[in-house]
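Just passing along the structure, written as structure tokens.
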Amino acid sequence: MANKKIKQTNSPLSLVTDRFSRARDYRITTQDEVWKRSYQNWRGELDASLYPWRSKLFIPWSFTVIETIIPRVFARDPKWRAISQNPDYDPDAPRVVSDLLTYQWKQMGMRIKMYDYIKDSLMYSKGFAKVSWNFQTKTKTFMEPVVGKNDEIGFVKKVKSEVEFDDPIVEIVDPADIYIDPDGTSSGYGGNGKYLIHRKTVDIEELKQNPNYKNVDKIKQSNYADQYLDKQMRYREDIPQEDKHDNLVEILEYWEKDRLIVVANRSVILRDTPNPYHHKEIPFVELDDYRDPHRLYGQSVLSVYDPLQREINSIRNQRRDYDNLALNPVIQMVPGTLRNPNSAVMAPGNFWMVSDLNSIGTFQMPLLQGASTDIENQTAGDIKMATAIDEIGIGLLPDNPQRRSATEVVTSQQSAGKRFGMKIALLEDAVQKLGELIFALNQQFLDKERMIQIVGESGAEEWVQLSPEDIRGKWFISVETGSMLPKDEIAQRQEAIQLLQYISPIIAPVAQSNPAVIMPILRMVIETFELPAKNQIMEELQNALGSSQQAAQERIMAEQELMSAQAANAQAGALTSLQDQTMQGARADLVPQDAAQAKAELELAQAMG
């Protein structure tokens, strides 16, 4: 019997549905159970159906670790750096590009979104951010006054359409809604996966308003529009009831580097076009926690110590159960000792009527072999070692009586910082990719001048005008290393003060004539303080140093004029002295000749009467 050939089809619908099923099956098999435990550990949930009489304490180590790591790797908005690859670029262009990215980062509310982005990676080993362009118009209806006959004023109904949004947008996508090529080891922008599918549920009216979609009228309602599909791990039995008033449609966005296919309810093709973005990349950026270089999904910090979390819960609950049984022991009695055995309850003021005291007693719990607290501390130490955090990093002081010295604390923090170095590097790489995609969309869609708000050199907020020509050409976008880490104000302040003390004697001669040279160091010192009027203080210092510099220049000019006048006077005095000496010598030579002439003139006058 001849083997039947498997029929292959290249239709867009089968391409999307087949690859969606393949990626979904792979993820459900390898990840869903791990994600379920990680999520329950973070929320501190125990299965109440197991051992209903036992203690149900959950030690919140998972919650503590997650909420400790996030502020240690992301505490501030990134500082963007732009380098033009054009030889004839405007010198102010790099500042304009970095200011644009900073402005849009704040406008998109990325501070909160980054918190969710990092948390997804710590819980599910991967976080996903989608970068797209948000263009929305809004129709407004208003009454416009008009002048009619006999100068009567009336009103005419007008409809005006305005652009409400025309900016990039970053969306943090639930990892449960992302389906990736299982043959790759990374996905999205910069990854080696061939495709990425984003599943979402959208109202039918929103689809009708999208001009890029066709065949919307062919969409039929089905059971696929379940917005909680593959998210059962988070809800257990408390999934919200279906909203009968919503008309949701399942959308599968199938992305390749140069193709976009949109399928509704796994049956209707709404769009099949080349990649609409000029960068020709899958517009998703993944953030890994612990990468696996040979598999698609690595490990999350919660999955690494999931067994330790369960162990520490078991130890604490077993200890609590032992204490409960020791305080409320099991009662053992000879049958028939009490008419109602259920009345044998240890309670204040309670009494039991027995005929033989030896016929009833309590079960004695065996002594514990070893201290359970030591075992729990050992497990907690294993968690700290796996996650590179300790009491100091969490914000607590050690419980042991021998507190660590300052040198030990600094050494411990530096070692933990090295462990966190890879997390920080992966985060900075992901943020850089976000910036590259955002800037590429700016170059594609920004076609008009606009005003953006920036922070000027003096620290004050300013509005500047941006034109499309300012961002043209090839650019290299990067993030300043360490710019998102928390500030160590005390250490920075000490370093700035030490620099000021070190450099002051060196620049003292120059500072006397030009006090403004010390302003950059003073700015460094002031920046380490969180003062409400910090910018005003710096401005007043700048003005004061400017006035001091002007006064110093005037004083120098006055001293120079005085020295010039003194030199001129000294020169004039020397010249006068020389002239006087010369005249005195001349008079001494003329005295005899003048006396003889005077005598001759006198005799002549007498002779002539």
Is Arg27 paired with Asp32 through a side-chain N to carboxylate O contact shorter than 4.0 Å? yes
Student check: side-chain heavy atoms of Arg24 and Leu229 closer than 4.5 Å: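 When only atoms from C-beta onward are counted, Leu229 and Arg24 do touch, with a gap below 4.5 Å.
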May I ask you to say whether Asp166 pairs ionically with Lys448, meaning some side-chain N is under 4.0 Å from a carboxylate O? no
Glu162 with Lys160: basic N within carboxylate O range, under 4.0 Å: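 Between Lys160 and Glu162 there is a salt bridge, with a charged N closer than 4.0 Å to a carboxylate O.
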Between Lys126 and Asp120, does at least one N-O distance fall below 4.0 Å, as a salt bridge requires? no
So does Asp470 pair up with Arg95, basic N to acidic O under 4.0 Å? no
I'd like to know if Lys119 pairs up with Glu67 as an ion pair, taking the criterion as any Lys NZ or Arg NE/NH1/NH2 lying under 4.0 Å from an Asp or Glu carboxylate oxygen. yes
When you measure from the side chain of Asn442 to the backbone N and O of Ile438, does any donor-acceptor pair fall under 3.5 Å?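 Judged by distance alone, yes, a pair lies under 3.5 Å.
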Minimum heavy-atom separation for Leu101 to Gly435, with atom names?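 Looks like CD2-O, 4.1 Å.
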Does Thr201 use its side chain to pair, donor to acceptor, with the backbone of Leu248 at less than 3.5 Å?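 No, the answer is negative, given that no donor and acceptor are paired below the 3.5 Å cut-off.
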Can you tell whether the side chains of Glu205 and Lys208 come within less than 4.0 Å, N to carboxylate O?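 Here Glu205 pairs with Lys208 in a salt bridge, since their nearest N and O are under 4.0 Å apart.
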Look at the side chain of Asn275 and the backbone N and O of Tyr277, then say whether any donor-acceptor pair between them is shorter than 3.5 Å.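 Here the side-chain-to-backbone pair exists.
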Given the options Ser300, Ser303, Pro175, Tyr124 meets side chain to side chain contact (heavy atoms under 4.5 Å, CB included) only with Pro175
For the pair Arg22 and Asp183, find out whether any cationic side-chain nitrogen is under 4.0 Å from an anionic carboxylate oxygen.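 So Arg22 pairs with Asp183 through a salt bridge.
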Main chain of Leu57, side chain of Ser55: is a donor-acceptor contact present, judged purely on distance under 3.5 Å? no
Testing Glu281, Glu436, Lys433 one by one against Tyr189 for a side-chain hydrogen bond (donor to acceptor under 3.5 Å, both in side chains), which residue passes?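 Result: among Glu281, Glu436, Lys433, Glu436 is the only option passing the side-chain hydrogen bond (donor to acceptor under 3.5 Å, both in side chains) with Tyr189.
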Has Asp230 got a side-chain atom pairing as donor or acceptor with Ala176's backbone, closer than 3.5 angstrom?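 Side chain of Asp230 to backbone of Ala176, a donor-acceptor pair under 3.5 Å: no, none is there.
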I'd like to know whether the aromatic ring centres of Phe128 and Phe284 sit less than 6.0 Å apart in this structure.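 They do not qualify: ring centres at least 6.0 Å apart.
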Side-chain donor-acceptor pair under 3.5 Å between Tyr254 and Arg19, yes or no? yes
If you count the non-hydrogen atoms of other residues, nucleotides and ligands that lie under 6.0 Å from CZ in Arg472, is the total more than 12?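 Enclosed.
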I'd like to know if Asp174 and Arg234 make a salt bridge, using a cut-off of under 4.0 Å between side-chain N and carboxylate O.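 Salt bridge: yes.
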Ion pair check, Glu256 and Lys194, cut-off under 4.0 Å: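 No, no charged N to carboxylate O under 4.0 Å.
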Does NZ belonging to Lys36 count more than 12 external heavy atoms closer than 6.0 Å?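 Check fails, neighbour count at 12 or below.
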